[in-house]
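Input: a single structure, listed below in structure tokens.
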Amino acid sequence: MQATIKDIAKATGFSVATVSRVLSNKKGFFSEKTAAKVNQVAKELGYKKNMSATELVTKKSNVIAALINSTKTNFSDSIIKGIQDKADELGKTVIILYAGDRDARAQKKALTTALERSVAGILLLSVDLSPENLTLLKSARTPFYFISITFQDTALPCITSNDHGIGYLATSYLIRQGHRRIGLAGLDFSDSYTGKLRLAGYQAALAENQLSAHSEWVQAGDYSYEAGIAALDAYAQNSELPITAVIAGSDMVGIGILNRASALKIPVPQKLSIVTIDGTDLCRIVQPPLTSVTQDFYKMGYVGLERLLENAAGITYTQSELTERKSVLAFKK
């Protein structure tokens, strides 16, 4: 049986009230010698503080629930690091729950698990909730905040990159390098508002330079490695590629394109230039290293927890930047 405060009081000879004050770190009510003895006995007896009971008494929770979308991309590690660093600063505990990949049942299970516990708030990492689960979240009256996802409903509080700006930045960069036939691959343009915004940014940059995309230049996908392979197979149906450069919807899409290009003997960047969206460490460890639009995922996590606890409303944008590596060929002017 787990040791209790009463067990510690009996072993030390102090009152239950004194032991409780020591273990709650209520300074000014006991001497350092008393604290040292109580803490030593607590350690010997294997005492663990009952956080649920504490939360019931104080009406205050130090626990943050983070719901993770099981996507086929790899950016969540940096977001979680940012959340955890900020949580450590604030004395908060983070629990992580997996919400599937657009799986309404898995989302509901994760949400219910979080809401059944007295959490201080819920962070949702790139989780696009189904309508019924969004209704459940709103009705719970527990603070919540979305990270790394954009919604058409601007009333939903979130921190994210400017997705229209990402599409525009990547396309404008390739145009400045002399490319005129530029593809966009591996993004979800039907159900994802993020994908629609990036497509609009891509189209805006082309139009600004009196260019337009042919239908075969844009290949939809689910941001996965496999989507990159499928996209290059579609581009390579003819002997001559219809594009000289492609913007990949994620680093995983970019690596799929890169590896498939190698298998098809299409040299990168000599015959096909690649710019990826995300800019995680994966871009540095492949050959050639991939030029990327790099998002600040760490800041999204760190600031996202701040915004959650402030009960902030509206959209907060983080900065994205173009990181040049070795996957883009600049045409001579």
Pairwise distance CG(L156) to OG1(T150) - rounded to 0.5 angstrom: 11.0 Å

Residue pair T280 / D278, side-chain donor-acceptor N/O under 3.5 Å: no

Donor-acceptor pair between R180 and T244 side chains, under 3.5 angstrom: no

Where I266 and A236 come nearest, the two heavy atoms and their spacing: CD1-CB, 4.4 Å

Heavy-atom closest contact (I147 atom, I83 atom, distance): CD1-CD1, 4.0 Å

Under 3.5 Å side-chain donor-acceptor pair for T93 and N62: no

Closest contact, heavy atoms only, A227 versus V253: CB-CG2, 4.4 Å

Under-4.0 Å salt bridge between R102 and D188: yes

Y235 side chain vs W217 backbone, donor-acceptor pair below 3.5 Å: yes

Those residues that, when tested against D85, pass side-chain hydrogen bond (donor to acceptor under 3.5 Å, both in side chains) (two or more places apart): K81, Y298

Pairwise side chain to side chain donor-acceptor pair (under 3.5 Å) hits with a residue in residues 106-116, at least two apart: Q107-N133

Sidechain-backbone polar pair: Y47 side chain, D7 backbone, donor-acceptor under 3.5 Å: no

Whether F151 and F146 hold their rings parallel, tilted or perpendicular, with breakpoints at 30° and 60°: perpendicular

Carboxylate-amine/guanidinium proximity below 4.0 Å for R284 and D281: yes

